[in-house]
Number of protein chains: 2
Amino acid sequence: MSIDQSARRGIPEVTVARLPEYLRALRGFAEQGTTSISSEDLAAATGVRSAKVRKDLSQLGSYGVRGVGYDVDHLAYQISLALGQTHDWPVAIVGMGNLGRALAAYRGFATKGFRIVALLDQNELLHGERIAGLVVRPVTDLPELVLEGLAIGVIATPADSAQDVSDRLVDAGVRSILNFAPTMLTVPDGVVVRKVDLSTELQILAFHEQRKVEPPTHLQEARA
Amino acid sequence: MSIDQSARRGIPEVTVARLPEYLRALRGFAEQGTTSISSEDLAAATGVRSAKVRKDLSQLGSYGVRGVGYDVDHLAYQISLALGQTHDWPVAIVGMGNLGRALAAYRGFATKGFRIVALLDQNELLHGERIAGLVVRPVTDLPELVLEGLAIGVIATPADSAQDVSDRLVDAGVRSILNFAPTMLTVPDGVVVRKVDLSTELQILAFHEQRKVEPPTHLQEARA
DNA sequence: ACGTCCTTGTGAAGAGATGCACAAAGTCAC
DNA sequence: GTGACTTTGTGCATCTCTTCACAAGGACGT
Ligand SMILES: NC(=O)c1ccc[n+]([C@@H]2O[C@H](COP(=O)([O-])OP(=O)(O)OC[C@H]3O[C@@H](n4cnc5c(N)ncnc54)[C@H](O)[C@@H]3O)[C@@H](O)[C@H]2O)c1
Ligand SMILES: NC(=O)c1ccc[n+]([C@@H]2O[C@H](COP(=O)([O-])OP(=O)(O)OC[C@H]3O[C@@H](n4cnc5c(N)ncnc54)[C@H](O)[C@@H]3O)[C@@H](O)[C@H]2O)c1
């Protein structure tokens, strides 16, 4: 209520989470030569309802043309603008184990506006090793990296070390963290953490799987 | 409102997504010898509000004791029951590239009630190779694996192949899929798909990062 | 047995997200 | 220029999730 319509600048988090999906779909359409697209088409391509698509897109501004649809290229441009893809974001990965190496080798980030600029590990035996064209460096290099523009840190260390690594990232000045360790991180205000937890995802699947097996003797209520 | 509270069997999706978190925290408390815990403590350990914790837990039943709190072991047991962790779930990983190998090598799934029973790849050159103690097999083995109890499939192939792999999983009888490929999957009713998209996570971080850099001082438009 | 103290479990209010349905606004054919 | 047609943008109703706030329930000391 009283905390007013500065909502103008505040795109809902759920919408933000869907924007990359729209963007990906748009790139696909652009690739196959489609120049104009309706909210219905975009909805079909991303698996959401067209009304939601329109409401989401209207958060960015009025970039559609009634009776016609959206210009694929222009809409893609506006979304990437909203997402901050105006330039590449430098990313550092901390923890060069199984997962860290897979991430380092992944070529898909580059096309989404991210550049992996550093691979860090505590283990001195790894320092100097080349992985995917980058040399593994000590975690103490973080402050230097931040001065060079590092903005996003990825934590791929064991859970025990995750809070420590997080603290180092924050101390160095990183304010956006993607955490793969299955643990909750405590960070100061202003730092955004997102967590990817594969075990949790599997557990959610197991929940639904179990529900299917166990016949719903009670009222129907077969989940959505 | 009047929509029944046969909630008994219909746990809200958001709640399900938090249960693994609670469970992990409880295991931690149990490990350090704590036998009883309040919703406030659990809230602190998982980063949610205590009221939410209580409402979530009340979905499972009344396992707390007023004035005292919850018995750590019993609550953990009830949550794992709700999540279907009564037995190990067999999991197959399809696509033995960078990511698939990291997943196969990950030891953390075992403790959460999952057992990786098969590694599959289309590439014949990989067939027979041992990874993390398992032999890589052709995707055509899927029907056989389902007969042996396979319930959950993980897709770690390139995006191009993801829909094809998904179809094969579904045809073979798998009804729970975890998808790492950055693409939308189309599946029949009754099949549950969860998607983990690392690029999307980074894009969301970039969105917030950009917002921080761009000072909110100019009240009007950077966009419209 | 009784009173005090503590924490749960939950109605009810508040926020937020989704879906509906349609007026508004444009294109295009003629 | 006009009318038929298409699709956006959005007000409103609905549904879902969160937060508040407190009565109910139980433990424990005396
Ligand atoms: N591998 C997977 O598929 C997978 C799946 C789900 C979750 N995870 C999680 O991802 C994280 C990493 O998994 P992994 O399999 O790559 O582990 P790993 O043990 O293979 O690698 C961990 C790496 O982190 C480094 N490290 C440890 N402490 C550090 C510190 N304080 N600072 C810097 N580096 C440090 C180690 O030297 C090691 O190289 C874990 O938290 C794990 O639970 C991994
Ligand atoms: N590596 C990462 O860190 C990372 C990060 C984000 C997303 N991803 C996504 O995960 C997926 C896998 O990534 P990756 O780096 O491991 O790729 P990769 O190219 O290293 O491995 C892909 C594997 O899948 C196999 N494959 C291809 N088509 C198949 C089919 N139809 N059936 C069975 N197997 C098939 C290939 O033989 C190969 O072994 C991709 O979709 C990628 O976008 C990976």
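Note that these values count all heavy atoms, side chains included, but never hydrogens, waters or copies made by symmetry. A, B, ... follow the sequence lines: proteins, then strands. Residue 1 opens every chain.
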Tell me: [atom1] of [X] to [atom2] of [N], nearest whole Å?
X: E13(A); N: dT16(D); atom1: CD; atom2: C1'; result: 18 Å
X: L57(A); N: dG9(D); atom1: CG; atom2: P; result: 8 Å
X: R49(B); N: dA15(C); atom1: CZ; atom2: P; result: 13 Å
X: L75(B); N: dT8(C); atom1: CG; atom2: C1'; result: 12 Å
X: K52(A); N: dA13(D); atom1: NZ; atom2: P; result: 21 Å
X: E40(A); N: dC5(D); atom1: CD; atom2: C1'; result: 16 Å
X: Y63(A); N: dT7(D); atom1: OH; atom2: C1'; result: 19 Å
X: Y70(A); N: dG26(C); atom1: OH; atom2: C1'; result: 13 Å

Margin query: One pair to check against side chain to side chain contact (heavy atoms under 4.5 Å, CB included): V154(A) and V94(A). What are the steps and the verdict?
Written below: CA-CA 6 Å; V154(A) 175; V94(A) 187; over 6 Å; no
Check: Which part of the nucleic acid, if any, lies within contact of S62(A), taking any heavy atom under 4.0 Å across all strands shown: a base, the sugar-phosphate backbone alone, or nothing?
Finding: sugar-phosphate
Next item on the list: Establish, with yes or no, whether the OP1 or OP2 oxygen of dT10(C) is under 4.0 angstrom from a side-chain nitrogen or oxygen of R66(B).
Entry: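 R66(B) to dT10(C) OP1/OP2: no side-chain N or O under 4.0 Å.
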Margin query: So, OP1 or OP2 of dT8(C): does either fall under 4.0 Å of a side-chain N or O from S39(B)?
Written below: yes
Item checked: Residues K112(B), E201(A): salt bridge by 4.0 Å N-O rule -> no
Next item on the list: For the pair R18(B) and E21(B), find out whether any cationic side-chain nitrogen is under 4.0 Å from an anionic carboxylate oxygen.
Entry: no
Note to self: When you measure only distances, ignoring hydrogens and angles, does the side chain of K55(B) come within 3.5 Å of the base of dG9(C) through a donor and an acceptor?
What the structure shows: no
Notebook entry, point to check: Would you say the side chain of R54(B) and the base of dG9(C) hold a donor-acceptor pair, judged only by whether the two atoms sit under 3.5 Å apart?
Noted result: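 Donor-acceptor pair under 3.5 Å: yes.
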Checklist line | side-chain hydrogen bond (donor to acceptor under 3.5 Å, both in side chains) against T15(B), all qualifying residues, sequence neighbours excluded | finding: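 By the side-chain hydrogen bond (donor to acceptor under 3.5 Å, both in side chains) rule, T15(B) matches D56(B).
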Checklist line | Contact nearer the 5' end of DNA chain C, comparing A51(A) with V68(A) | finding: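 Taking each residue's closest nucleotide, the earlier one in sequence belongs to A51(A).
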Next item on the list: Could you work out which one of dT8(D), dT18(D), dT27(C) sits closest to the side chain of V14(B)?
Entry: dT18(D)
Notebook entry, point to check: Among dT7(C), dA27(D), dT8(D), which is the nearest nucleotide to the side chain of V65(B)?
Noted result: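 Per side-chain heavy atoms of V65(B), the pick is dA27(D).
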Checklist line | Residues D164(B) and S161(B): side-chain donor-acceptor under 3.5 angstrom | finding: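 Note: D164(B) and S161(B) side chains miss the donor-acceptor criterion.
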